[in-house]
Structures are given as structure tokens and as C-alpha cells.
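Each chain gets a letter, A, B and so on, in the order the sequences are listed, and its residues count up from 1.
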2 protein chains.
Amino acid sequence: MHIAIIGAAGMIGRKLAERLVADGRLGHQEITQFSLLDVIQAQAPAGFKGPVDSRAADLSDPAASAALIDARPDVIFHLAAIVSGEAEADFDKGYRVNLDGTRYLFDAIRLASTDGYKPRVVFTSSIATFGAPLPDRIPDDFHTTPLTSYGTQKAICELLLSDYSRRGFFEGLAIRLPTVCIRPGKPNLAASGFFSSIVREPLIGQDAVLPVTDGVRHWHVSPRSAVGFLIHGATIDLAQVGPRRALSMPGVSVTVGEQIEALRRVAGDKAVALIKRVPNEDIQRMVNNWAPGFNAERATALGFTAEQTFDEIIRVHIEDELGGSLPVAS
Amino acid sequence: MHIAIIGAAGMIGRKLAERLVADGRLGHQEITQFSLLDVIQAQAPAGFKGPVDSRAADLSDPAASAALIDARPDVIFHLAAIVSGEAEADFDKGYRVNLDGTRYLFDAIRLASTDGYKPRVVFTSSIATFGAPLPDRIPDDFHTTPLTSYGTQKAICELLLSDYSRRGFFEGLAIRLPTVCIRPGKPNLAASGFFSSIVREPLIGQDAVLPVTDGVRHWHVSPRSAVGFLIHGATIDLAQVGPRRALSMPGVSVTVGEQIEALRRVAGDKAVALIKRVPNEDIQRMVNNWAPGFNAERATALGFTAEQTFDEIIRVHIEDELGGSLPVAS
């Protein structure tokens, strides 16, 4: 089985490739080949013996998708996107990459479908397809009314994916990822970064900044579960899914205050004391428009699983990123 | 005030122009100029004294929109589309006109917005943005899961319109038209044509074919009310509408059987006897996926109004198309 990952150099892309190599197979089929695409050249996953074609290319160039599809991958994970803040700051770039780029990919597959090619396409959509006012638990049949250009582009790609799937060009599934938390690595400038930072930094004895009020409720999943969604989405029987191909994933709905109490249970008061409150009105206003939680009834019935508590999300981070235990307290 | 109508040669486009000329104004402003665009050259509306620029052009050519926007119309009614059946039969043409064409228009306005230009854009969307399974009364917050490429293209354009409006490029509003019934003119090949035909033909003593069962429930509005929606949408205060710019319009939810009983009340048993039942499985299957009705609570609260009964829809047809009375029975 030949696996393509678009956005392979990103955090989820790298973890997905690692997991696929560790499993050795996807569903019942042995993985024999990788094609990796990103704006920077992604590293070949460690320990993989088969051929890996890793290319640096921009999805907004139709030739990038054409070359990828020429190699006829069996499963295509499309994770690449200009992130929310940048798509808002640069209107043209956001539409060019997130909308046109995805359409070039879908059309390259469509043109190849005339010779019987019909790959599985797993696309990462986002809870940013929803915009306030929102219920605390968004049902599966709730309308997508994004309040960012990024969310708009994701919602449009969901529609294209369902239509191209209905027409028989490929087997598409759009996975609406919760906010992935705790993101490993350094603090970044994303507006959502604090959700990870207020736990990640204190766990290793460093300060973190909290720019919003404790009452902010949001929807989280670990990087491990996010990868699990993609793999399940690549193997699931789509006859069970039917024509509505965008699925809101399960996750954990917690307030920032509840995140902090989970941190206290796992790492104690000293860790919590490292969180510095620095209110930021811009971030507060943005976050107020974000999804507080989902029912995710369809995805749950289809076998997608996530953590049940934020404590569990913290434990996954300690296992996957900190070698299984916290640094000894000073 | 300078009014542009894209799709000006179509049935709704012509009726809209006639109504605007009859009113002489839109809201509080006198209409001084028209720009008309369609794939065939639309006739200048009768009785209008000001300049009318009527052009035959294809919206899938970016130059068509660029030329239209160069003239800086104050209000743009965008009614043009490849219809459902053709967009399904010709994938490329449907996406090229309905999606790319609309985006060229929106982008032409966006580029002009840098000099302060900010027109009102009223876009006709469709209840085809919804696909089965559907509740009998679709609520305003129900998700759009189209089952045709046409419906997909309309749903995508709704998302673009809301985002371009949010970014301040224009003042957009998308009007989800019910099935317009009773369409004047000859029977056509549209799958939905029978909804009009089973009333229109018997009213003038001619046979009509009914291809589906009496229990089929669907959502209707008269051409007069459809034009009323567009005019109200062009003058409404968008601050009241907020960022969710796609509105499901009010209408009349009736079964085919109820349509027939309304015809009987208006025109008697003789008219009903002209309906010939010729079951068509393809049409039945398509129609089963269509919207049976809407709550339309938001649109109603915003002052959009339609007929209350199908009898009223028939009376509007007699007034507007048959000179106010039925032909004398033979």
C-alpha cells in the first residue's frame, strides 16, 4: 500500500508517519511506499525500509498535485493548510493554498479517475468551520457558519470533498479536528497556543502566559488521538458513513479553569503557580467565537475514540513527549 | 441608483427588472441606470427612461465581471446559474459558471473595494443546498449537505459571500429561494417542472403529466414573492442580519395531493381531470431528496413574506399571467 501525506512536515504529519511505520500496515494492508509533500522537505520516517519520495512543493501550484497523483497513492492524507491567523492576514494566500490548492488536488484525482483510480482521501477539516453563537454541545446537523477565512476555506473543501465522493472520483472523508492539545514543542504565536502552553510549560517547570478568563470552554484532543482519527478514517467502511462526509470528532470539552485543575491533580500547586495571567482582549474576543464542544454522535457511533478527561490528555503528553514521567521537582 | 442584474434574461431576472421599473425606486433611492448581463442579451425593461447597458457575456469569463464592476453598480442582483440538471450532466461547466463565475464576480468587487466601493450583492441561493434525510420543517441552523453538484456550488457561494461580507468587500445577502411555482411559460425538462405544470396547464384547459406520488411534500413560492425577496434583500439593514448571510426564505409547504386539491378549489374537477399520472422512477427518486419545508424563522422576523396557502399561489398566477381570470370553460 502506497501512502501519501500532504503536510508531512507538520506536527500531525510527522506523528502520523511515525505511527504508520510503527504499525507497518494500514487496516489489513502492508505499507510499502510513502509519498511526502510539504512546503519544506519532510524527513523520511525513521525505520521505514521501503521507498520514500519526499518533495518540497506548494499545493497552490497545480503541478505539485499532478506529480503526486501520477504515482497513484492508495491513500492520501491531506493535512496541509495555511493556518488561521495567516489566512486572515493574507486573504489571497489563504484562498490560494487552502481552497485552490485543495481543489487542484481533488481535480488531479478526478482526472486520473477515468482510468479506474479511486483512492481514499482523508482531509483534516476543523472546528473553525463553526462560528458563534454556538450551543455548548454542537450537534452533528448544525450549520457551518465560520467567522474566519480559514474556517470558510475548510467548510468549502468539506463540500467539495462530499460532492467529489458522491460523483465517484475518490473515497473522501473530512475529519473536523478539535484543537490539538497538548501540542509538543515551543510556545508559538497562534491565538490558540495558550491552551497547550498553560499545561506544557508548567509540566517542565517553566512559566506560561494565560491571556483569557478561566470560564472559556473549548474542545480538545491529544495529538495521539488526532492521528488515531486519521488512521480510522482511512480504513472505515464509507458505506456506513453515507453521503455526508464531514464528521465532527469526539474530544474533551473543558474550561480553562478545569484545565488548570487537571494540571494541579497531575503536577501539583507548584506547576499551577507558573501560570501568569496576562489578559489579552484580542485573543479573548477571538476565543469567544470558538466551539465549546460537540456531541460527535456520528463519529462516536462510527468508532472514532478520544480521551474522556483532560487529565488523560495530560497523561498522554507525559507518555508521548516526556518519556513517561515528569522531571523531578527541584 | 445604478442596478445590475446578472441572469437578467431569465424568468426571475425579467420579472425583477419589470418590478423595479414599475416601482421607479429601490428603497428610498430613484433608479437611474441598469446594467444587464446574461449569456443571451436581455431586453431593456419596457418603460425605463434611463440608460440600460445590456450585454451578452458568460460569467465564467473573468472579463465579464470586470466590465460590469468597472461601471460601479450600487446594487448587484446575481441570479445567473447553470441549472441543477445541467450542472449534474456537465461537471466542468457547472463548477466553471456556478462556482468560478461567482468567485470572479466577488473578486472583481473585492479588487474595486480598495477605492471605497462597497455595493449590495443579493445572490440567489437555493433549497438545493439541503439534501435528504431532512426534517419536514428545516430549521435555520440545519447543516447544508447537498446531494447535487448544483447544490454544492450554491452552498460554497453562500460561504464565500458571508466571508467576503465579513471582510468588508461588499454587503452580501444570499436568498435561498424555494421552488418557484407556478413558473409561467411552456413545460420544460427540469425535474421540478411538474410542480408548476400540473397546475399551469389544467388552468388553461391543457393536459399535464404528474410523474410522482401524491404524498411528495415540497416548498413553493410564487414568482411575485421571489422577486419580493430580492427587493427586500437589497434594502434590508444588514446589521440586523449579522454575519450569517444565507437566509432560508418563507414559502408554502404542500404535498402534490394538496396542490391538486387547491387546483380543484380554484378551477374545479374538470381541471383536475387533465392531470395524467405517468410515474417516473428517476424523478421520484430525485424529488425524495428535496426539501419538504422550512421554518424560515429568521427570514420571517426580518420581514420577508410569501404566500400562506397554495390557493394563494394559484391566484397570484391567475393575476400575473392570465390577466386576472380563468379562460371561460368550454
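If you measure heavy-atom distances from B/Y150 to chain A, you find no contacts under 4.5 Å at all. Of the two parts of B/S149, the backbone and the side chain both hold a non-hydrogen atom closer than 4.5 Å to a non-hydrogen atom of chain A. For a residue to count as touching a neighbouring chain, one of its non-hydrogen atoms must lie under 4.5 Å from one of that chain's; by this rule B/P135 does not touch chain A. With a 4.5 angstrom heavy-atom cutoff, B/R167 touches chain A only via side-chain atoms. The parts of B/E88 that come within reach of chain A are both its backbone and its side chain, each placing non-hydrogen atoms under 4.5 angstrom from that chain. The contact between B/F91 and chain A is made by backbone and side chain atoms together, counting heavy-atom distances below 4.5 Å. Of the two parts of A/R110, only the side chain, counted from C-beta on, holds a non-hydrogen atom closer than 4.5 Å to a non-hydrogen atom of chain B.
In this structure the side chain of A/F142 never reaches within 4.5 angstrom of the side chain of B/H143, judged on heavy atoms. For the pair B/L160 and A/Y95, the minimum side-chain heavy-atom distance is below 4.5 Å. In this structure, A/L159 and B/P146 have side chains that are in contact, with non-hydrogen atoms separated by less than 4.5 Å.
Among A/L147, A/T152, A/T148, the single residue meeting the side-chain contact (heavy atoms from CB on, under 4.5 Å) criterion with B/D163 is A/T152.
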Check your understanding: B/E158 and A/T144: side chain to side chain contact (heavy atoms under 4.5 Å, CB included), yes or no, with the steps?
Key -> CA-CA 11 Å; B/E158 287 183 357; A/T144 54; over 6 Å; no
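Rounded to the nearest 0.5 angstrom, B/D141 CG and A/T145 OG1 are separated by 9.5 Å.
Considering only heavy-atom pairs separated by less than 4.5 Å from chain B, the leading option among A/P139, A/G151, A/P133, A/P243 is A/P133.
Heavy-atom neighbours of chain B within the stretch residues 114-132 of chain A, taken at a separation under 4.5 angstrom, comprise A/G131, A/A132.
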